[in-house]
**Student:** 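Submitted below is the structure of interest, expressed as structure tokens.
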Amino acid sequence: MKCKEVQERLSEYLEETISPQGYEAVKDHLSVCPECSAQLEILTQSIRAVADLPDLEPPPGFSQKAMARIQEEAEKQAS
Amino acid sequence: MPYMGPYAKLKFNREPFWHKDCLMNYEEKSDMEWVWKVQAGETDAFEVLIRRREKKIFNLIYRWLGNHDDAAEVAQEVFLSAYRAIRKFRGESSFSTWLYKIAINHAKNRRKSMAILQQRTVPLEVSDPEGNGGPIASLFHQGPDPGQEAEQQEIHERVHLELNCLDPDDGLLILLHDLQNVSYEEMSQILSIPVGTVRSRLHRARQALKARLAPYFYSKEAHK
């Protein structure tokens, strides 16, 4: 397997959604190719960095504000 | 009486509906049971559905639009639209999937209008509440090591920025799967594309993000 092909399959390799033969081929290649191993590390860091993005709280009173608009809507629909 | 935010006196000079109903009841009932209540005319029951989903929806939109104020406004529109359409919801998908669809449609429209109005060279200008004094800033003052905190914050800012420079569809796939842990099957329903296509597009999207972040991660390694 060539570097280009390996690098295109790294995401699948990480998720193990690749075929068993494909998985072994990528694994074998990674064990001897520092460039592709570095690419795998960068991909892993990228995915982790997204997963680690903190959740923001919605602005204070978000649901109350939404409900106020919805109540108005409901009243309009009723009248 | 719990804090109800600055809008409490607009219309809701009362305790939230779900407090009145009792907390156990609130937690035990499925989304669909609350949907049925709303469909039966109990408008207040919609508040439970908002509270259950507001954080996810707000964060998805915020990360996709890159702007806190726009995200707050669009998320409000999402829940209003969901309420308007709820009588048509029959539970063919989960409430969450249905709501995600509405959210993505609204956010897509907002992206378009932002792009037209602002005509920026970078897809969208990214507001940065994680930066100086934004709503998230306090999260970063709990750790013991200020150097590590600053590094984490820098990574968050960089990732937030690069996500917004991706093709919007690529950014959305990454946000749904890698940030919000939405399964391939649910993504397939939300985006109306086959599971295999979701997978292959996500892998491609991750490659695009990796390419954008690689110089940053390499430079960090070099400085270690």
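Just so we're on the same page: letters track the sequence lines, and every chain starts at 1.
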**Student:** Do A:Gln77 and B:Tyr83 have side-chain heavy atoms sitting under 4.5 Å apart?
**Tutor:**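 When only atoms from C-beta onward are counted, B:Tyr83 and A:Gln77 do touch, with a gap below 4.5 Å.
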**Student:** For a quick test of reading the model, state the closest non-hydrogen atom pair linking B:Lys210 to A:Ile42 and the distance between them.
**Tutor:**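 Between these two residues, the closest heavy atoms are CG-CG2, 3.5 Å.
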**Student:** Between B:Gln152 and A:Asp52, do the side chains contain a donor N or O and an acceptor N or O under 3.5 Å apart?
**Tutor:**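 Per modelled atom types, A:Asp52 and B:Gln152 side chains form no pair under 3.5 Å.
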**Student:** Among pairs that include at least one residue of residues 23-58 of chain A, which meet ring-ring contact (aromatic ring centres under 6.0 Å, His included), considering only residues two or more places apart or in two chains?
**Tutor:**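 For residues 23-58 of chain A: A:Tyr13-A:Tyr23.
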**Student:** Does a salt bridge link B:Arg206 with A:Glu15, judged by any charged N lying under 4.0 Å from a carboxylate O?
**Tutor:** yes
**Student:** Once you round to the nearest 0.5 Å, how far does CG of A:Leu43 lie from CD of B:Gln207?
**Tutor:**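 CD of B:Gln207 is found 6.0 Å from CG of A:Leu43.
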**Student:** Considering all heavy atoms of both residues, which atom of B:Phe58 and which atom of A:Pro58 are nearest to each other, and what is their separation?
**Tutor:**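 It is CD2-CA, 3.8 Å.
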**Student:** Please examine the side chains of B:Thr43 and A:Glu73, heavy atoms only from C-beta on, and report whether any two atoms are closer than 4.5 Å.
**Tutor:**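 No, side chains not in contact.
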**Student:** Would you check, one step at a time, whether the test side chain to side chain contact (heavy atoms under 4.5 Å, CB included) holds for B:Lys56 with A:Asp55?
**Tutor:** CA-CA 8 Å; B:Lys56 284 265 179 199; A:Asp55 272 347; 5.8 Å; no
**Student:** Ignoring hydrogens and angles, tell me if any N or O in the side chain of B:Asp178 forms a donor-acceptor pair with the backbone of A:Ala51 under 3.5 Å.
**Tutor:**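 Not at all, since once roles are kept as given, no pair shorter than 3.5 Å links the two residues.
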**Student:** Less than 4.5 Å to any heavy atom of chain A: does that hold for the side chain of B:Arg199, its backbone, both, or neither?
**Tutor:**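 Looking at B:Arg199, just its side chain touches chain A.
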**Student:** Shortest non-hydrogen contact from A:Pro59 to B:His68?
**Tutor:**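 The pair with the smallest heavy-atom distance is CG-CE1, 4.3 Å.
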**Student:** Which atoms of A:Gln39 come close to chain B, meaning under 4.5 Å heavy atom to heavy atom: side chain ones, backbone ones, both, or neither?
**Tutor:**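 Contact with chain B is through both the backbone and side chain of A:Gln39.
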**Student:** Hey, are the side chains of A:Ser46 and B:Glu162 touching, using non-hydrogen atoms and a 4.5 Å cut-off?
**Tutor:**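 No, side chains not in contact.
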**Student:** Less than 4.5 Å to any heavy atom of chain A: does that hold for the side chain of B:Leu179, its backbone, both, or neither?
**Tutor:**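 Interface part for B:Leu179: both.
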**Student:** Quick one: salt bridge (Lys or Arg N to Asp or Glu O under 4.0 Å) partners of A:Arg48, sequence neighbours excluded?
**Tutor:**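 Here no residue qualifies.
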**Student:** Could you go through the side chain to side chain contact (heavy atoms under 4.5 Å, CB included) check for A:Leu53 and B:Arg63 one step at a time?
**Tutor:** CA-CA 9 Å; A:Leu53 283 172; B:Arg63 294 294 176 193; 4.0 Å; yes
**Student:** Report the distance from atom CE of A:Met67 to atom CD of B:Glu47, rounding to the nearest 0.5 Å.
**Tutor:** 5.5 Å
**Student:** Heavy-atom cut-off 4.5 Å, strictly under: side chain, backbone, both or neither for B:Leu163 against chain A?
**Tutor:**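 Just its side chain gets close to chain A.
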**Student:** Using modelled atom types only, decide if a donor and an acceptor are shared between the side chain of B:Gln76 and the backbone of A:Phe62 within a distance under 3.5 Å.
**Tutor:** yes
**Student:** Are B:Ile50 and A:Ile70 side-chain neighbours, meaning at least one heavy-atom pair lies under 4.5 Å?
**Tutor:**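 With C-beta onward as the side chain, the pair touches.
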**Student:** Tell me, side chain or backbone of B:Ala71 under 4.5 Å from chain A's heavy atoms, or both, or neither?
**Tutor:**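 Neither part, no heavy atoms under 4.5 Å.
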**Student:** Flag the pair B:Phe79 / A:Ser63 as yes when at least one side-chain heavy-atom distance between them is below 4.5 Å, and no otherwise.
**Tutor:** no
